[in-house]
Amino acid sequence: MLDASSPRFSARPETAIVTEADRSEAILSRKLEMTLGSDISAVSSMLDALEEFAAENGIPPQKIMRLNLVLDELVTNTIMHGFTDGADGSIRLAAELVDGTVNVALIDNGVAFNPVEAASPERSGGIEEREIGGLGLKLIRSYVKRLDYRRDGAFNHLHLEMDIG
Amino acid sequence: MIEMTHDVRGDVLILKPAKRIDSSNAKSFEDEANAKIDAGPKKVVIDFSGLDYISSAGLRVVLTTAKRAKAAGGGLALCGVHGNVKEVFDVSGFASVLGMHAGVDEAIASLKG
C-alpha cells in the first residue's frame, strides 16, 4: 500500500526513499519513518515526531490530534500487551501523505493481535466497567477510514488510512 | 513525566495538567494526583484549560482519580475541557459521565454541599 498505491513513489524501492529524501525536502516532509522501541516512553517520542511532521505539512490541528490518537492507541496496545518480558520488541512506523489522505504502516514483532477483529466495547456496560483496551479501539474506529491487518510470520502488519485534508 | 501545576483553594485541590496526557505519562499523573488526594483535600478539580491532548490512557487515570477522590469522601469535577480534548471526551462517552464545567469557580461550586 505505502509504495504501490502512490504514483509519486511507485518507481522507487522503499528502502531508497530516505536516502533520496536528503536531496529533496518535498519527499522528506511527505513521508515519516521511524522505529520505536518497546518502552512506553516511545509513545511520547512518536507523538513529538508526528506533530512536527503534521505541522510541516500543514495538517489542521484537529486532524493532527486524530492521527496522533489513533497511532498512540495502536502503539500503546502493542507495547503494553504485544511484548512478553525480556523480548526485544520493536515497532516500525511509516506514514505517507497522498492527496489529503495519510497512509500508515505499522509493523511489529509482538504476539499476534488483530485490532480489526477485536471485540467492540459494550456501550451499555457502564463506562467504569468498560475495558480500557476497548475504549482505545473505539477511538481508533471512530477516526480511521480503513484499517487492515495481516499476520506475516513473526510480524503484525497494520495498514491504516485516514483523511487529513 | 506529566507537566502539572496544582493549587489548593479552601478544601478543594485544583490540578492543572499541561500539554499531553498519554500512555507515557499517565502513570505519573495518577501517582501525583493520588499522593495529593491522600495527603490533602478530597475534593478535586482538574482544570484542563492547558491540556491539548488526551488518549484512552489519560481518560483511564482521570477515572481512577475520580474513584480515589470519591472513596475518600470527596469528589471530582472537571473544567476547561476544550478543543481536541473535548472531542475525545465526547467520542469516548466520558463527557456524559464526569461533571464538566466551564471554569474553576463553577467546578468548585459543583463540589459543595
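The chains referred to below are lettered A, B, ... by the order of the sequence lines, with proteins before strands, and numbering in each begins at 1. Side-chain atoms are counted along with the backbone in the values below, which use heavy atoms only and exclude waters and symmetry mates.
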Side chain / backbone / both / neither for A:S142 at chain B, heavy atoms under 4.5 Å: side chain
Stepwise side chain to side chain contact (heavy atoms under 4.5 Å, CB included) test for B:R20 and A:S44: CA-CA 9 Å; B:R20 295 197 295 243; A:S44 183; 3.5 Å; yes
Among the listed options B:S96, B:G83, B:S55, the residue most often paired with chain A at heavy-atom distances under 4.5 Å: B:S55
Flag if over 12 foreign heavy atoms under 6.0 Å of CG, A:D152: yes
Reported CE-to-CG distance for the pair A:M46 and B:D22, which is rounded to 0.5 angstrom: 8.5 Å
Within one Ile-Leu-Val-Met-Phe-Trp-Tyr cluster: A:I107 and A:L93, side-chain cutoff 4.5 Å: no
Heavy-atom pair of closest approach, residues B:Y53 and A:L69: OH-CA, 3.3 Å
Chain B contact via A:N68 - which portion, at a heavy-atom distance below 4.5 Å: both
Straight-line distance of B:L63 CG to A:L135 CG, nearest 0.5 Å: 9.5 Å
Hphob cluster co-occupancy, B:V8 + B:I37, side-chain heavy atoms under 4.5 angstrom: yes
Shortest non-hydrogen contact between A:P61 and B:N84, atoms and distance: O-ND2, 3.7 Å
Which atoms of A:I64 approach chain B - backbone, side chain, both or neither, heavy atom under 4.5 Å: neither
Whether over 12 other heavy atoms sit under 6.0 Å from A:K63 NZ: yes
Closest non-hydrogen atom pair, B:S23 against A:I40: O-CG1, 3.5 Å
Hydrophobic cluster membership, A:Y149 vs A:F113, 4.5 Å side-chain cutoff: no
Shared hydrophobic cluster for A:M34 and A:L50 (ILVMFWY, side-chain gaps under 4.5 Å): yes
Interatomic spacing from CG in A:D39 to OG in B:S24 - rounded to 0.5 Å: 9.0 Å
